[in-house]
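First the proteins, then the strands, lettered A, B, ... as listed; each starts at 1. Please read these numbers as outputs of a predicted model, since none were measured by experiment.
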Number of protein chains: 2
Amino acid sequence: MTEIDGQVPERFARAREAQSVALLEDYVEMIGDLISELGEARVADIAERMGVAQPTATKAISRLKREGLATARPYRGVFLTEEGADLADRVRARHRTVVELLVAVGVPEEVAELDAEGIEHHVCDETLAAFEAFLKSR
Amino acid sequence: MTEIDGQVPERFARAREAQSVALLEDYVEMIGDLISELGEARVADIAERMGVAQPTATKAISRLKREGLATARPYRGVFLTEEGADLADRVRARHRTVVELLVAVGVPEEVAELDAEGIEHHVCDETLAAFEAFLKSR
DNA sequence: CAAGAAATATAGCAATGGCTATAAGTCGAG
DNA sequence: CTCGACTTATAGCCATTGCTATATTTCTTG
Ligand SMILES: [Mn+2]
Ligand SMILES: [Mn+2]
Ligand SMILES: [Mn+2]
Ligand SMILES: [Mn+2]
């Protein structure tokens, strides 16, 4: 009990915090992808790729704007701020590393891709560094 | 685009589903722990260990009851159904495996414990099996 | 260039998971 | 046995993230 009080609640709090950021991370990464692929990110495309209804995407974009990660011209497109673009790049790189790590320990490619979508948001910088070191040293 | 449409939305939907189950998993695992350690699981202890306010724990317990994972005698304790106890056991084992896997690839013990709390919920059976195989074959 | 079609925004609902404040039940000390 | 302290339940608030229905804007086409 002595070692539990404080540590376990802290652990759960960290997981909750990671979760609240996860949605932002997935949206900025995907908006970045759309801009790269199509030259712009339209709400309809964002919603389709996220697998949600269009108003749900619009609402998420509002949060991105509020948090300084994106801007939008009504009835036009969505754009990433510098901060948003930086985050997108980091998230994309982390996603790849997580998939590679999973594959490296024997997870089938397609399964790794599925699980990584959730796992990635809970991989802290230190863990990410360990993953990269492990991948290099094989 | 051809390979993206359908696959990516599916991936995000899976991560969302995993997330909606995560809270249930953490509660049943922890209630099982409390019953083992203290002989009973009281709302106050559950709330303290989860790091949330007591009414938040009470509300979560309502959901556990609704989903058939727990029962409760008002003003007494919380108990796991057979289904809840089974889930708790599986979740506890998976948690340990995830921590071990992280440590095995070079993540420091304490960091592994922190990240595992979130990661575990996104590790599917197939990935878990791969983790176990990797750990055995070292 | 005017409809009509398509895209986007807005309104409003529900469930979830936080919180504080307070009511109600339990239990132990005197 | 009762009363005060502790525990638990309940009420009611807020934010988030889904949804459908509908209004509004933009775009395209005849
Ligand atoms: Mn993701
Ligand atoms: Mn991702
Ligand atoms: Mn967990
Ligand atoms: Mn756990």
Nearest-nucleotide pick for [X], side chain only, options being [options]:
| X | options | value |
| --- | --- | --- |
| A:Pro55 | C:dT16, D:dT17, D:dA21 | D:dA21 |
| B:Val52 | C:dG25, D:dT26, C:dG18 | C:dG18 |
| A:Tyr75 | C:dT20, D:dG18, D:dT24 | D:dT24 |
| B:Arg76 | C:dG18, C:dT26, D:dC27 | C:dT26 |
| B:Thr58 | C:dC27, D:dA9, D:dT20 | D:dA9 |
| B:Arg66 | D:dT8, C:dT16, C:dT26 | C:dT16 |

Figure out the [atom1]/[atom2] separation between [X] and [N], and round it to whole Å.
| X | N | atom1 | atom2 | result |
| --- | --- | --- | --- | --- |
| B:Leu24 | C:dA15 | CG | P | 16 Å |
| B:Phe79 | D:dT8 | CZ | P | 11 Å |
| B:Lys59 | D:dG12 | NZ | P | 12 Å |
| B:Leu38 | D:dT7 | CG | P | 13 Å |
| B:Lys65 | C:dT16 | NZ | P | 15 Å |
| A:Glu17 | C:dG17 | CD | P | 17 Å |
| A:Arg63 | C:dA9 | CZ | P | 18 Å |
| B:Tyr27 | C:dT16 | OH | P | 14 Å |

message: For B:Glu67, is there an ion pair with B:Arg63 - N to carboxylate O distance below 4.0 angstrom?
response: yes
- request: Assign A:Ala44 to base, sugar-phosphate, or nothing according to its heavy-atom contacts below 4.0 angstrom with the strands shown.
  value: sugar-phosphate
Distance-only check: which donor-acceptor pairs under 3.5 Å involve side-chain atoms of residues 124-138 of chain B, not counting sequence neighbours?
residue	atom	partner	partner atom	Å
B:Thr127	OG1	A:Asp115	OD2	2.6
B:Ser137	OG	B:Ala133	O	3.2
B:Ser137	OG	B:Phe134	O	3.3

field: ring pair (Phe, Tyr, Trp, His ring centres under 6.0 Å) against A:His95, all qualifying residues, sequence neighbours excluded
entry: none
A:Glu117 side chain reached by B:Arg14 side chain, heavy atoms, under 4.5 Å: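 B:Arg14 does not reach A:Glu117 side chain to side chain.
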message: Quick check: on DNA chain D, is the nucleotide nearest A:Pro74 upstream (toward 5') of the one nearest A:Ala60, or the reverse? Name the residue that is more 5'.
response: A:Ala60
- prompt: Taking for each residue the nucleotide of DNA chain D bearing the nearest heavy atom, is the 5' side occupied by A:Glu67 or by B:Ala72?
  reply: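 Here B:Ala72 is the residue nearer the 5' end.
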message: Does a side-chain N or O of B:Thr56 approach OP1 or OP2 of C:dC19 to a distance below 4.0 Å, or not?
response: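 For C:dC19, OP1/OP2 do have a side-chain N/O of B:Thr56 under 4.0 Å.
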- request: Have a look at A:Asp45 and tell me which of A:Leu38, A:Asp33, A:Val78, A:Ile31 forms a side chain to side chain contact (heavy atoms under 4.5 Å, CB included) with it.
  value: A:Leu38
message: Tell me if the side-chain of A:Gln54 makes a donor-acceptor pair with the base of C:dA7, cut-off 3.5 Å, by modelled atom types.
response: no
Most 5' of A:Arg42 and A:Arg16 on DNA chain C, judged by nearest nucleotide: A:Arg42
